[in-house]
Amino acid sequence: MGSPAIAILGTGSYAPEKILSNGDLAKLVDTSDEWIFSRTGIRERRIAADNETTSQMAAAAARRALADAGLTAADIDLIIVATITPDLPMPATACFVQDLLGVSTHAACFDLNAACSGFLYALDTAWAMLGSGRYRHALVIGAEKLSSVLDWKDRTTCVLFGDGAGAVVLGPARGTAQIIGTKLYAEGAHARLLCIPDGGSNTPAPVLDALRTPRTITMKGREIFKIAVREMEDAARDILEQHQVPAARIDCVIPHQANLRIIGAIAQYLELPSDRFFVNLDRYGNTSAASIPLALDEARRSGRIKTGDTTLFVAFGAGLTYGSALVRW
Ligand code: COA
């Protein structure tokens, strides 16, 4: 009766070696550690090497998630990579990851673009595909090389983002751990508030060459801040209500790691103490689709999430997309 219970069987993450501190950024643009930290909570972020690709970071995180799950590449029949910084416009980064890991040709591999909500969109998609009984084990990965799409002269954006990857393995539940629910949303009316305005089919290659515009992120930060707080609160409240879980029963919230003030506002609205929220944005900045799985892996490995705990994931991002998920461990 019903779909089989699906659980997160393992987690893994990867962060590039190079650290770029707020002090380093102050040498590039007119900013300061004080401004960045007080407005965002970020102290430093990781930056991938020039020749390091999104797929390589994704594969490194995936290997750790497989080891954590006690599985191998041979067990995987679905790979979804959530990213806005694919290695190439085509083919999918998931296919490069498949090749790097040696996953069988019988696996389905594709990318998903829901920006900073990408991991939750991919989790929902993989959960449904596994729930259908047609796939058994999935790698759900969020990976970004955002440093490749930043304008390093624009202080309003370049101080916020970083590179990295996080991965989970989904499969049949082994105990009482399972995904309880997911909720996804989007408000396309706000699509232009946060975007890479050139480089898609809107600007065919010859036009782009003539424009000589870089393909970099543009953002209306203040507007996004207000919408993000409302969207994250709605997404959290909806899923808690739907599954009749009082907020007080959540052991750990893993929010999208964009801004400590946004996380603080959500904590206040949900009437939860701030120590219930896992935060690592001080060390990584906003890594978009990698943000939640990277934080999740750190939270698990540091003992912040234990067997029997209930966690709430909540995210917002370009689109504007947003969503939430409830997971029992
Ligand atoms: N260093 C120093 N000053 C900066 C700066 C920087 N890096 N970036 C902007 N400023 C300046 C602005 O030019 C502005 O100066 P002005 O008052 O003379 O015009 C002033 O700081 C305030 O800018 P404002 O944009 O109002 O600041 P803010 O308090 O809203 O903080 C963000 C800016 C971007 C940190 C904040 O709006 C935010 O986090 N928004 C959400 C963005 C986000 O999360 N995006 C990702 C979505 S997944």
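Values below: all heavy atoms of this structure, side chains included; hydrogens, waters and symmetry mates excluded.
Linking Ile, Leu, Val, Met, Phe, Trp and Tyr residues whenever their side-chain heavy atoms come within less than 4.5 Å places Leu296 and Ile6 in a single cluster. Trp127 and Ile8 fall within the same hydrophobic cluster, defined by Ile, Leu, Val, Met, Phe, Trp and Tyr side-chain heavy atoms under 4.5 Å apart, directly or through other members. Cluster annotation: Leu320 and Leu184 are assigned to distinct hydrophobic clusters (Ile/Leu/Val/Met/Phe/Trp/Tyr, side-chain heavy-atom contacts under 4.5 Å, transitive). Linking Ile, Leu, Val, Met, Phe, Trp and Tyr residues whenever their side-chain heavy atoms come within less than 4.5 Å places Leu20 and Val149 in a single cluster. One hydrophobic cluster, built from ILVMFWY side chains closer than 4.5 Å, cannot hold both Leu294 and Leu281; they sit in different ones.
Within the model, atoms NZ of Lys183 and CG of Leu240 stand 11.5 Å from one another, a figure rounded to the nearest 0.5 Å. From Arg45, atom CZ reaches atom CG of Leu25 across 4.5 Å, with rounding to the nearest 0.5 Å. The SG atom of Cys95 sits 8.0 Å away from the CD1 atom of Ile79 when rounded to the nearest 0.5 Å. Atom NZ of Lys226 sits about 13.5 Å away from atom CD of Glu231, to the nearest 0.5 Å. For the atom pair NE2 of His137 and CG of Leu78, the computed distance is 11.5 Å after rounding to the nearest 0.5 Å. To the nearest 0.5 Å, atom CG of residue Leu272 and atom CD1 of residue Ile266 are 11.0 Å apart.
Residues Thr53 and Lys145 form no side-chain contact, since every pair of their non-hydrogen atoms from C-beta on lies 4.5 Å or further apart. When side chains are defined from C-beta on, Asn22 does not count as touching Val159, because their heavy atoms never get closer than 4.5 Å. Taking 4.5 Å as the limit, some side-chain heavy atom of Phe316 sits within range of a side-chain heavy atom of His256. Looking only at side-chain heavy atoms (C-beta outward), Leu101 and Leu139 come within less than 4.5 Å of each other. Taking the side chain as every heavy atom from C-beta outward, His190 and Ile227 approach each other to under 4.5 Å. At a threshold of 4.5 Å between non-hydrogen side-chain atoms, the residues Ile239 and Ile180 do not count as touching. Between Ile217 and Leu150, some side-chain heavy-atom pair lies under the 4.5 Å cut-off. Taking 4.5 Å as the limit, every side-chain heavy atom of Cys109 sits out of range of all side-chain heavy atoms of Phe96.
Nearest heavy-atom pair across Asp24 and Ile19 is OD2-O, 3.8 Å. Closest non-hydrogen pair, Asp309 versus Asp251, comes out as CA-OD2, 3.2 Å. The two residues Gly10 and Asp68 come nearest to each other via the heavy atoms CA-OD2, 3.2 Å. Shortest non-hydrogen contact noted between Ala82 and Phe119 is CB-N, 3.8 Å. Closest non-hydrogen pair, Gln98 versus Thr105, comes out as NE2-CA, 3.8 Å. Between Pro255 and Ile263, the shortest heavy-atom contact is CG-CD1, 3.7 Å.
Side-chain atoms of Asp238 and Tyr185 include a donor-acceptor pair closer than 3.5 Å. Side-chain contact of Glu144 with Thr85: a donor-acceptor pair under 3.5 Å is present, judged by distance alone. A donor and an acceptor atom, one from each side chain of Asp111 and Thr93, are located under 3.5 Å apart. For the residue pair Thr31/Arg155, the side-chain donor-acceptor check at 3.5 Å is not satisfied.
Remark: the backbone N or O of Leu146 is paired with a side-chain donor or acceptor of Asp163 at under 3.5 angstrom. Side-chain atoms of Gln257 come within 3.5 Å of backbone atoms of Phe278 as a donor-acceptor pair (strictly under, hydrogens ignored). Side-chain N or O atoms of Asp124 include none that pairs as donor or acceptor with a backbone N or O of Tyr121 at under 3.5 Å. The closest donor-acceptor contact from the side chain of Arg64 to the backbone of Ser13 lies under 3.5 Å. Remark: side-chain polar atoms of Ser291 are not paired, donor with acceptor, to backbone N or O of Thr287 under 3.5 angstrom.
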message = What verdict does the side-chain contact (heavy atoms from CB on, under 4.5 Å) test give for Thr218 and Cys195, after you've listed the backbone C-alpha separation in whole Å, the side-chain angles of each residue and the deciding distance to 0.1 Å?
response = CA-CA 6 Å; Thr218 61; Cys195 65; 3.9 Å; yes
message = Test side-chain contact (heavy atoms from CB on, under 4.5 Å) on Asn286 and Asn259; report intermediate values, then the result.
response = CA-CA 8 Å; Asn286 179 348; Asn259 186 312; over 6 Å; no
key: Verdict with supporting geometry, Ile141 and Thr83, side-chain contact (heavy atoms from CB on, under 4.5 Å)   = CA-CA 9 Å; Ile141 308 171; Thr83 188; over 6 Å; no
query = After noting the C-alpha distance and the side-chain angles of Val314 and Val253, does the key distance pass the side-chain contact (heavy atoms from CB on, under 4.5 Å) rule?
reply = CA-CA 8 Å; Val314 58; Val253 183; 4.2 Å; yes
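Within a 6.0 Å radius of CZ in Arg192, other residues, nucleotides and ligands contribute 12 heavy atoms or fewer. Atom CZ of Arg136 has 12 or fewer neighbouring heavy atoms from other residues, nucleotides or ligands inside a 6.0 Å radius. Heavy-atom neighbours of Glu223 CD from other residues, nucleotides or ligands within 6.0 Å: above the threshold of 12. The 12-atom threshold is exceeded at CZ of Phe110, counting heavy atoms of other residues, nucleotides or ligands nearer than 6.0 Å.
A salt bridge links Glu298 to Arg283: one of the charged nitrogens lies within less than 4.0 Å of a carboxylate oxygen. Salt-bridge annotation for Glu241 and Arg237: absent, with no side-chain N of the basic residue lying under 4.0 Å from a carboxylate O of the acidic one. Looking at Glu52 and Lys18, no side-chain N of the basic residue comes within less than 4.0 Å of a carboxylate O on the acidic one, giving no salt bridge.
Under a cutoff of 6.0 Å and an axis angle of 45°, Arg46 and Tyr284 do not form a cation-pi pair.
With sequence neighbours left out, Arg261 forms a salt bridge (charged side-chain N to carboxylate O under 4.0 Å, His left out) with no residue at all. Under the side chain to side chain donor-acceptor pair (under 3.5 Å) criterion, Thr54 pairs with no residue at all, not counting sequence neighbours.
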Which side-chain N or O atoms in residues 165-177 pair as donor and acceptor under 3.5 Å with protein atoms at least two apart or in another chain?
| from | atom 1 | to | atom 2 | distance (Å) |
| --- | --- | --- | --- | --- |
| Arg174 | NH1 | Ala69 | O | 3.2 |
| Arg174 | NH2 | Ala69 | O | 2.9 |

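Considering Thr307, Thr311, Thr310 in turn, Thr311 is the only one that fulfils the side-chain hydrogen bond (donor to acceptor under 3.5 Å, both in side chains) rule with Trp329.
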